[in-house]
Amino acid sequence: MTIALTRPRTVRLRSLRLARPGVVLAAMFLILALIAAAWPGLFAGDPLRADPLHVLEAPSGTHWFGTDQLGRDVFARVVHGARHSLSISVSATLIAVGSGILLGLLAGLSHKLADEALSRSFDALSAFPLVLLALLFIAIAGTGTTSLIVAIGLSLVPHFARVVRAQTFVVRRAAYVTHAVAFGAPRSRLVLRHVLPNVLGPIPVLAVIGLGEAILLAAGLSFLGMGPQPPSPEWGAMISEGRGYLHIAWWASVLPGLVVTATIISLTVAGRFFQRRFEGRELP
Amino acid sequence: MITAILRRAGAGVLVLWAAATAAYLALLAAPGSTVDAIIGDGADTPGIRAQITSEWHLDRPAVVQYLDFLWRAAHGDLGRSYLLQRPVSDVIGSQLLPTVKLAAAAAVFGVLLALVLALVARRLTSTFGLVLVSTPPFLIGIVLLSVFSFRLGWFPVSGDRGFAALVLPAITMGLPIAGTLAQVLRDGLDRALDEPFAVTARARGLRESAVLTRHALKHALLPAVTMLGWSFGVLIGGTVIIEQVFGRPGLGQVTVQAVNASDLPVVLAVVILAAAVFVVINTVTDLAYLLIDPRLRRS
Amino acid sequence: MITLEDLRVTFHLPRRTVEAVRGVSFTIEPGERVAIVGESGSGKSVTARSLVGLAGPGARVDATTLEIDGRDARRFAPRDWRHLRGGFAGLILQDALVSLDPLRTVGAEIAEVLRIHSSKTRFERTKEALRLLEEVHVPEPERRAGQYPHQLSGGLRQRALIASALAGGPKLLIADEPTTALDATVQAQILKLLAERRETLLLISHDLAVVSTLADRVLVMKDGRLVESGATRKLLSGADHPYTRQLIAAASGRRRGTTSEPGPVVIEATGLRKVYGDRAVVRDVGVTIRRGEIVGLVGESGSGKTTVAQLLFGLVEPTSGQVRFEGQRFSGVPERARRPLRRRLQFIAQDPLSAFDPRWTVRRIVAEALPRGEPVAPVLERVGLGEEVLDRYPRQLSGGQRQRVAIARAIAPRPSLIICDEPVSALDVSVQAQVLDLLAEIRERDGTALLFISHDLGVVRDLADRVLVMHDGQVVEGGTSKSVFEQPQHEYTRQLLAAVPTLEVSA
């Protein structure tokens with residue numbers, strides 16, 4: 001017989017429940033999205049071919065996601081949009097991660113005053129609304145794809161810089177780093193052999209989660225008309241265009257929106273999965 | 001306690017100064033001369049140029065201009081909008097109220113929903129939170145619009161007339177806040193419930209629900225309070241997009257217009273205003289910490 | 001009062017099932033003081049907590065008999081358990097800093113029990129809380145009741161925790177490692193307080209010496225089973241089970257190694273002083289260690305002994321005074337000047353896990369300390385580790401194995417001095433004994449000098465040739481192990497020695 005006991009430990013169970021099928025689905029979706037970005041023609045036809053006879057048609061066997069106000073196939077546009085949206089977000093994330101690592105290391109390894117000044121500004125900037133930061137850059141540099149990429153990338157820099165600086169700060173003072181002094185190693189070697197690998201280890205995982213953020217931001221800014229201009233099939237722009245026909249054709253903006261959501265969820269799930277695996281490797 | 005408040009206030013002034021200076025540098029860094037920006041598509045003659053130069057004090061040395069800018073900014077004068085040819089403070093002042101209304105309604109809705117999720121529907125929280133945080137806010141808005149306004153006709157499609165017009169935008173903006181906040185609260189509760197003091201509390205014969213509300217909740221509030229600053233970011237960022245979706249007047253609309261027209265003084269004023277709100281929120285957060293956790297009160 | 005037959009507790013965790021308790025039976029009579037002794041993972045805590053229905057999350061508890069206070073607890077509803085907890089049985093956990101809610105005053109914590117188990121008004125509850133604090137000898141109860149756990153000293157906190165366990169007027173007190181987090185002198189006071197109580201006591205501890213001062217009867221647990229039980233005196237004088245004998249041997253201590261002729265001076269520190277802010281953490285400390293010597297440095301937490309270790313190791317610069325290592329200046333010089341000497345001076349920390357790079361395998365960790373190209377396996381063999389650990393990560397090792405790797409890394413560069421900061425405090429007693437043997441053997445074979453820092457006087461007595469006693473940043477007494485332990489001169493040393501619970505074993 002069993003005696004009534006306290007609540008089950010929900011923390012671990014919950015994450016595991018999410019893990020198994022969720023991670024597989026997320027991985028499959030991400031692979032599909034990557035293939036779509038690489039060879040969009042593999043999945044769908046011309047995203048720009050207008051068909052005035054079939055305007056705003058509901059999803060069907062021929063048009064999986066329906067057609068838009070010009071009779072273009074929404075599914076084809078979503079597939080081709082993957083290339084636009086993903087390349088914008090990936091480039092932006094690369095900018096953010098690269099500069100974030102540099103600035104974060106600089107702050108974490110420099111002396112007290114410089115570190116204080118740098119890390120305070122990372123803190124303040126990373127708490128600042130991303131959209132507003134990005135809009136500020138765009139206001140200065142003007143609209144367009146390049147400016148959008150730079151704007152998103154720069155807005156995300158403080159976030160990465162902050163994480164890297166915090167990690168550097170912790171690792172630098174970790175017992176195993178101070179201990180390495182015992183073997184007469186010069187400072188440069190301590191940094192190269194102990195600090196860098198332990199600081200950079202979690203970066204790929206963070207970059208995956210950060211990519212989700214970049215996609216979200218890119219979609220939001222294109223929605224406001226700051227991104228690639230029509231007729232380019234970019235996800236945020238499509239949602240914005242379809243908005244005018246919401247009362248008669250919800251699919252033209254909702255379905256691309258769901259694809260954006262699915263991409264971001266998949267990235268987060270995958271990122272968290274690797275994070276857990278990573279933590280499991282790092283900690284007892 | 002008083003020194004703590006003073007220190008915060010000092011740091012706040014510093015942040016504001018940094019924001020204002022960054023704003024000023026941004027003005028200088030913008031491509032094209034300031035005169036070009038002011039003229040925009042208007043008539044362009046040497047006479048007009050000279051007039052603009054003297055009217056905007058562009059003939060003075062940069063340092064004087066900068067100090068003048070700071071002095072005026074400290075008095076609430078953030079310059080004139082290139083686009084609207086009105087003082088920036090007027091432009092922003094007239095659009096402030098609808099945005100504040102929306103943000104307040106969204107914050108209240110978000111916090112309440114988060115509490116309900118974290119305390120009552122604890123199993124749902126994680127998946128729900130993930131979906132909410134990953135969905136672009138404008139998509140939530142669009143879906144709500146197409147269901148409740150277009151299909152069911154319960155709420156107006158756009159505008160800012162009456163409470164009904166506030167409901168959908170506030171929900172749209174509040175949902176991501178609720179999603180994240182609920183997750184943070186939940187993790188905090190779970191962590192607190194695994195602490196030894198929770199075992200001691202149970203060993204006193206306390207009900208599980210009492211352990212949750214009398215002991216664990218206070219511990220879970222600490223990380224949740226940290227999220228206040230983040231929620232503010234979501235709110236400000238949210239207004240920019242949500243006001244577009246629902247066709248509401250407000251600061252978000254003003255910002256988007258200004259960005260599209262490269263009307264820098266307005267954009268910068270919004271940024272400085274956001275920095276000011278950020279400073280206030282952060283100070284409140286720090287004080288809330290002191291209130292909740294006696295361990296931090298040691299000076 | 002409590003009858004237990006074939007108690008089994010199984011934890012169903014996400015990926016595995018852990019049998020924490022595998023068939024334990026015992027009874028506790030009213031007024032008895034019973035102790036359960038065992039090392040970490042023996043199931044002793046889980047057994048005790050099962051008696052109040054708090055075995056832990058995900059636990060399944062089975063028993064053929066589980067009688068508590070004359071009632072069959074197997075049929076208890078959550079309500080019955082709640083009634084029992086605090087009312088019939090009070091639970092005292094290890095560290096009051098985390099076992100009392102850090103966000104509430106201790107007065108509120110004590111009064112909470114009264115709110116559940118009595119019909120007193122708020123005013124009466126406050127008064128009763130003060131009376132309880134007085135009962136556990138907390139001075140100025142009015143002031144203390146309004147304070148938070150972090151504002152109280154370790155001893156006062158623990159007293160407040162005991163007061164909260166007593167508030168419901170329990171017949172049974174369950175004390176789970178009640179003194180483990182405390183310094184020796186404070187531990188002695190808390191044990192005295194527990195000895196004053198009339199309630200039936202179930203004491204859980206890893207420390208046989210602590211138990212022997214208090215308990216009438218001892219139950220020894222290992223791997224979820226009861227291996228031996230009996231009256232304390234009888235058990236200590238003639239244990240049947242080899243495991244019990246091992247525990248007794250480890251706790252009663254024995255001299256390790258011999259005092260050899262002291263060689264030349266290895267490290268010499270004079271007039272060391274370290275000031276942080278306006279607080280002098282170390283005041284005028286002098287240490288001289290010769291080749292082949294083991295010097296013990298004892299003191300309670302906050303006495304400054306760890307700072308002395310950092311000063312000697314050259315991690316922290318002294319405010320004044322100087323350190324000379326192997327005849328050369330070791331303090332007040334740039335790190336560059338210390339580097340050639342570095343490998344001759346090694347360090348072993350209390351928590352070896354944090355002292356290893358988490359991304360490195362054991363092979364790489366030890367190889368870093370060896371001259372380039374020298375094989376790792378022979379060094380590991382010397383500390384009793386096989387080749388199978390070579391490619392493991394530190395976190396995949398047990399606590400004892402980790403400390404052995406730390407020792408291997410420390411001896412690899414053939415140092416003349418190893419500074420050991422609480423090297424065995426985190427280990428179970430039987431493992432502790434093995435590590436101490438290993439350290440003694442290293443001194444014997446290599447003539448390496450050791451500075452052995454510990455709060456555990458018993459361990460220092462067994463190992464050190466000379467002892468320095470630190471209190472409040474100063475060395476208050478120093479001399480040979482024998483003289484310090486047998487004829488302590490300083491008042492503080494006498495207090496410290498009196499506070500150490502010892503095993504009276506008739507051989």
Side-chain angles (χ1 to χ4, degrees), chain A residues 1-20 23 167-168 170-205 273 275-284, chain C residues 11-15 50 53-63 66 73-81 310 313-315 335-336 338-347 349 351-360 365 368-370 393-397 406 409-410 412-413 415 419:
Chain A
M1 63 125 280
T2 306
I3 295 166
L5 282 162
T6 51
R7 65 191 192 90
R9 176 179 291 250
T10 38
V11 198
R12 307 270 154 69
L13 285 176
R14 179 174 46 111
S15 47
L16 276 172
R17 222 186 298 132
L18 235 168
R20 297 293 144 213
V23 170
Q167 184 79 2
T168 314
V170 170
V171 171
R172 208 180 134 192
R173 281 155 188 78
Y176 58 87
V177 176
T178 37
H179 196 108
V181 171
F183 308 111
R187 189 182 143 85
S188 57
R189 222 178 75 166
L190 289 190
V191 170
L192 271 179
R193 299 188 64 173
H194 290 286
V195 179
L196 274 187
N198 280 293
V199 168
L200 299 186
I203 290 294
V205 172
F273 174 73
Q275 205 165 27
R276 262 198 309 278
R277 284 279 300 268
F278 179 80
E279 274 165 7
R281 197 156 60 79
E282 290 304 290
L283 300 166
Chain C
F11 287 92
H12 294 280
L13 300 173
R15 277 185 215 180
S50 301
L54 290 173
R60 182 191 157 91
V61 179
D62 298 295
L66 181 53
R74 295 183 305 166
R75 300 192 203 301
F76 272 10
R79 219 191 106 118
D80 299 313
W81 280 118
Q310 289 172 334
F313 189 58
L315 273 188
E335 178 63 28
R336 196 191 313 272
R338 278 194 286 260
R339 249 171 232 149
L341 293 168
R342 273 292 181 197
R343 291 180 165 255
R344 310 275 305 147
L345 174 60
Q346 291 296 308
F347 192 89
D351 172 19
L353 192 59
S354 65
F356 297 137
D357 191 323
R359 305 171 76 85
W360 285 23
I365 287 167
E368 185 189 27
L370 279 167
Y393 290 92
R395 69 190 172 277
Q396 297 170 319
L397 304 175
R409 174 170 70 169
I419 298 173

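Just so we're on the same page: letters track the sequence lines, and every chain starts at 1.
Contacts between C:L345 and chain A at a heavy-atom distance below 4.5 Å involve the backbone alone (N, CA, C, O). Both the backbone and the side chain of C:R409 come within contact range of chain A, with heavy atoms under 4.5 Å apart. Heavy atoms closer than 4.5 Å to chain A are found in both the backbone and the side chain of C:A355.
Chain C forms more heavy-atom pairs under 4.5 Å with one residue of A:P186, A:A180, A:A185 than with any other, namely A:P186. Ranked by heavy-atom pairs shorter than 4.5 Å toward chain A, the options C:R338, C:R339, C:R336 are led by C:R339.
The side-chain heavy atoms of A:H179 and C:F356, taken from C-beta on, include no pair separated by under 4.5 Å.
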Working for side-chain contact (heavy atoms from CB on, under 4.5 Å), residues C:E335 and A:R187:
CA-CA 10 Å; C:E335 178 63 28; A:R187 189 182 143 85; over 6 Å; no
As a quick check of understanding, evaluate side-chain contact (heavy atoms from CB on, under 4.5 Å) for A:Y176 and C:R359, giving each step before the final call.
CA-CA 11 Å; A:Y176 58 87; C:R359 305 171 76 85; over 6 Å; no
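Taking each heavy atom of A:R193 and C:D357 in turn, the nearest pair found is O-OD2, 4.0 Å.
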